[in-house]
Amino acid sequence: MGNRIKQWWGLVQDGEHVRKFLIRSNVHAAIYMTVIVILLECWMLFSLGQNIVQSAAAGKPRDLPWIVSHSAWYVGLMASAIVVLVCAVNYLHGKIKNGKLVNAILFVFSLACLVFGVHFGNNSYIQGEQVLAFVTMTLFVFGILSWKPIAALVLSTVAFGGFYLYIDHNAPATLGTQVNLFTLWIATFVVSLSSYHQKVSEANKERELEETNRRLRYIASYDELTGIPNMHTFRGAVAVLLGGIDELDTRFAISYMDLEGFKVYNGRYGFAAGDDLLRDFAQGLLKVFDNELVARFSDDHFVALCDADVVEDRIEAARELLHELRGDVRLHLKAGSYELTGEHDDVGLACDKARVACNRIKKMADKNLRWYDDAIEHEFQRKQYIINNVKRAVKEGWIKVFYQPVVRCSDGSGELCGYEALARWDDPTYGLLPPFAFIETLEEHREIDKLDRCIIEQVCRDLRAEMDAGQQPVPVSLNFSRLDFELYDVPGFLDEIRNKYHIPSKLLDVEITESALTEQFKELQTTMSSLRDESHSLWLDDFGSGYSSLNVLKDFQFNVLKIDMAFLRGFPENEKSGPILSAVVSLATELGLVSLCEGVETLEQFEFLHSIGCERAQGYYFGKPDPTKALPKPLA
């Protein structure tokens, strides 16, 4: 409470911003005030001159002492106003920077105005006229300028008290005059008080706005977590460099750095410790790339610009820095570098190329730095082509469905029981592209849904054609990416396309990879329930390729367990393959699942799967993917 009272009276020292705001506000007000005073005094001097001329014409000339005594007040106040006006303008233009000096000048000018008002107000009072000169000057001083409340109280009390004593001495003031003066004093003080607090409030709002803008400017230029430049600043600085790079003798390169294993660090120590590590690493990079440009790209990724000749030294120093900070978690720094070729380089594209080079050595323990070269350039161009043309590929029919047969194994017949639909991209520029050439790229850029929806429709169209031709089609399994379940309503789309071509749901099997299930647990349980309600057979694809297979079998309901082809690699040389496959097939049987093993390439493998009770098989031994739904070749 005591502190609030002090603030109310202006007894608490103002902050720097408030102090400067009040000075600036008073300086602006003083300009208006002095201009008015100068004009008034010019008018008063002109009126005085008219009075002198008229008196002389009437035969009653004014004597020199009278002329001097009257004009001196006008000239003196006008001269002081001119001085204040000049000082105020110079302060606003930065020629005068001493705020205390300006305040002192304004205070002296205010005293001059009040003394002027008291003097001429008294003259008017003695002559029985209104004390407008006094009222005008008090309004000027306390209404236009802002005073601290305690200063306004003291100064207004002195001004009104002095004026009252002055006029009362010359002609005793009546009760009405006393009441009027007291009321005017109260009103003047309240106006001054209100003006002060309003200006302080405006100053605080302006300060908050400036701090917010400063913060926004900082955020726009610097990374909020690490305090180093962000990508906006990095791109701008590199763009400026590129504008004159052809005139420089230095070869520059952009390096992209990735803290491999950072998720493990977060998992062990927590996100707060992870943030601390990023801050410490970022600040360390500023020293490693001293007098060079460093920025945070995103998450645990950083970029730097330096002389191409010192890239390897800088990356090695950054690796040592990370080694010092990492604790007992195996964190590795992987880096990719791209050498800028000239002013026509695009900064964003250059960063992407450095990132692509870095991604090429992820999980490679023996490599920490990879330069962007012609081989990566070719791959990069192909990826860019795929992203830029996926919509066109769907529209122009470049996306083809190839079918690979699935056969019965448990009865040893090798009889056809279904197909798996596989995507191929028959491109006019690159020719027939295999899945690995485009699927990963489409997933990375979240465009995979365009491909998969195209495949679904083609499969339904082919099934419809078979049914219209009087054939009895077998079920076709459809592969769904993890992203499909994020990017669109899979059950809804399947229903829409099935209804469009009048395809029974039992002819469309749904293959879901294990990785999708571990990342979207609840959402996929709901989706899978919807698919089961529509009588789709659900397959767990690539069983055994991940780390949570048994948990997946426990938490989700499938119809078919598709065993990853990795189990058949090296068979029968690897003695462990047989017992593992036998155990997996037995597990599937106990859980009521149909077992299907992919990757069968020899009759020996097929016969082994038959001997352990595997129900279905798939692989090159029965037929490669083909657009014509070729029948599986007979068993040898």
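All of these numbers come straight from a predicted model, not from anything done at the bench. Hydrogens, waters and symmetry mates play no part in the numbers below; they use all other heavy atoms, side chains included.
A 6.0 Å sphere centred on CG of Asp374 holds no more than 12 heavy atoms belonging to other residues, nucleotides or ligands. Other residues, nucleotides and ligands contribute over 12 non-hydrogen atoms within 6.0 Å of the CD atom of Glu444. Atom NE2 of His445 has more than 12 heavy atoms from other residues, nucleotides or ligands within 6.0 Å.
Taking CD1 of Ile563 as the reference point, atom CG of Leu596 lies at 8.0 Å (rounded to 0.5 Å). In this structure, Leu422 CG and Lys624 NZ are separated by 13.5 Å, a value rounded to the nearest 0.5 Å. One distance of note links CE of Met257 with CZ of Phe289; it measures 4.5 Å at 0.5 Å rounding. With rounding to the nearest 0.5 angstrom, the CG atom of Asp258 is 12.0 Å from the CG atom of Asn368. Leu433 CG to Ile386 CD1: the interatomic distance, rounded to the nearest 0.5 Å, is 6.0 Å. A distance of 9.0 Å separates CG of Leu538 from CD of Gln557, quoted to the nearest 0.5 Å.
One side chain, Asp427 or Trp425, offers a donor N or O that lies under 3.5 Å from an acceptor on the other. Side-chain atoms of Asp276 and Tyr269 include no donor-acceptor pair closer than 3.5 Å. Side chains of Asp484 and Ser481: a donor-acceptor N/O pair is absent below 3.5 angstrom, by distance only. In the model, Asp452 has no side-chain atom that pairs as donor or acceptor with a side-chain atom of Tyr488 under 3.5 Å.
Residues Asn266 and Gly274 approach most closely at OD1-CA, 3.2 Å, considering heavy atoms. Summarising the geometry of Arg314 relative to Val288, their closest heavy-atom pair is CD-O, 3.3 Å, with the distance given to 0.1 Å. Here the closest non-hydrogen pair linking Glu206 and His17 is OE1-NE2, 3.0 Å. Listed here is the closest heavy atom pair of Cys358 and Gly336: CB-N, 3.5 Å. Considering every non-hydrogen atom in both Leu321 and Leu285, the closest pair reads CD2-N, 3.7 Å. The nearest pair of heavy atoms linking Ala239 to Val347 is N-CG2, 3.8 Å.
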Does the side-chain contact (heavy atoms from CB on, under 4.5 Å) test come out yes or no for Tyr256 and Val356, once each step is laid out? CA-CA 9 Å; Tyr256 174 93; Val356 168; over 6 Å; no

Under the side-chain hydrogen bond (donor to acceptor under 3.5 Å, both in side chains) criterion, do Tyr265 and Asp300 qualify, and how do the steps go? CA-CA 11 Å; Tyr265 189 93; Asp300 56 330; over 6 Å; no

Evaluate side-chain contact (heavy atoms from CB on, under 4.5 Å) for Thr233 paired with Tyr222, printing each intermediate quantity in order. CA-CA 7 Å; Thr233 301; Tyr222 293 89; 5.6 Å; no

Going through the checks in order, is the side-chain contact (heavy atoms from CB on, under 4.5 Å) test met by Leu331 and Leu277? CA-CA 11 Å; Leu331 280 175; Leu277 174 66; 3.5 Å; yes

Checking Leu478 against Leu494 for the side-chain contact (heavy atoms from CB on, under 4.5 Å) test, could you report, in this order, the C-alpha distance in whole Å, the side-chain angles of both residues, the deciding distance, and whether it holds? CA-CA 11 Å; Leu478 303 165; Leu494 276 174; 4.1 Å; yes

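A heavy-atom distance below 4.5 Å is not found between the side chains of Thr513 and Glu511. Between Leu333 and Phe281, some side-chain heavy-atom pair lies under the 4.5 Å cut-off. Counting only heavy atoms from C-beta outward, the side chains of Tyr338 and Arg355 never approach each other to under 4.5 Å. A 4.5 Å side-chain heavy-atom check between Ile456 and Phe480 finds at least one atom pair inside the cut-off. With contacts defined as side-chain heavy-atom distances shorter than 4.5 Å, the pair Val390/Phe438 does not qualify. Looking at Ile399 and Ile455, their side chains come closer than 4.5 Å, going by heavy atoms from C-beta outward. Taking the side chain as every heavy atom from C-beta outward, Asp509 and Val560 never approach each other to under 4.5 Å. Looking at Val102 and Cys87, their side chains never come closer than 4.5 Å, going by heavy atoms from C-beta outward.
Because its NZ or CZ atom is not both nearer than 6.0 Å to the ring centre of Tyr430 and within 45° of the ring axis, Arg382 does not count as a cation-pi partner of that residue. With a 6.0 Å cutoff to the six-membered ring centre and a 45° limit on the axis angle, Lys383 does not count as a cation-pi contact of Phe380. Geometrically, Arg453 engages Phe493 in a cation-pi contact defined by less than 6.0 Å to the ring centre and at most 45° from the axis.
With hydrogens and angles ignored, the 3.5 Å screen pairs a side-chain donor or acceptor of Asn26 with a backbone N or O of Ser146. No donor-acceptor distance shorter than 3.5 angstrom exists from the side chain of Arg235 to the backbone of Val238, with no hydrogens or angles considered. In terms of modelled atom types and a separation under 3.5 Å, the side chain of Gln283 and the main chain of Thr226 share a donor-acceptor contact. Side-chain atoms of Asp299 never come within 3.5 Å of backbone atoms of His301 as a donor-acceptor pair (strictly under, hydrogens ignored). Side chain of Gln618 to backbone of Lys562: no donor-acceptor contact under 3.5 angstrom is found. Formation of a donor-acceptor pair under 3.5 Å by the Gln525 side chain with backbone atoms of Asp555 is found in this model. No donor-acceptor distance shorter than 3.5 angstrom exists from the side chain of Asp275 to the backbone of Leu278, with no hydrogens or angles considered.
The pair Glu339-Arg251 counts as a salt bridge, with a side-chain nitrogen and a carboxylate oxygen less than 4.0 angstrom apart. Salt bridge Glu443/Arg482: absent, no basic N to carboxylate O contact under 4.0 Å. A salt bridge is absent between Glu202 and Lys199: the closest approach of a Lys/Arg side-chain nitrogen to an acidic carboxylate oxygen does not fall below 4.0 angstrom.
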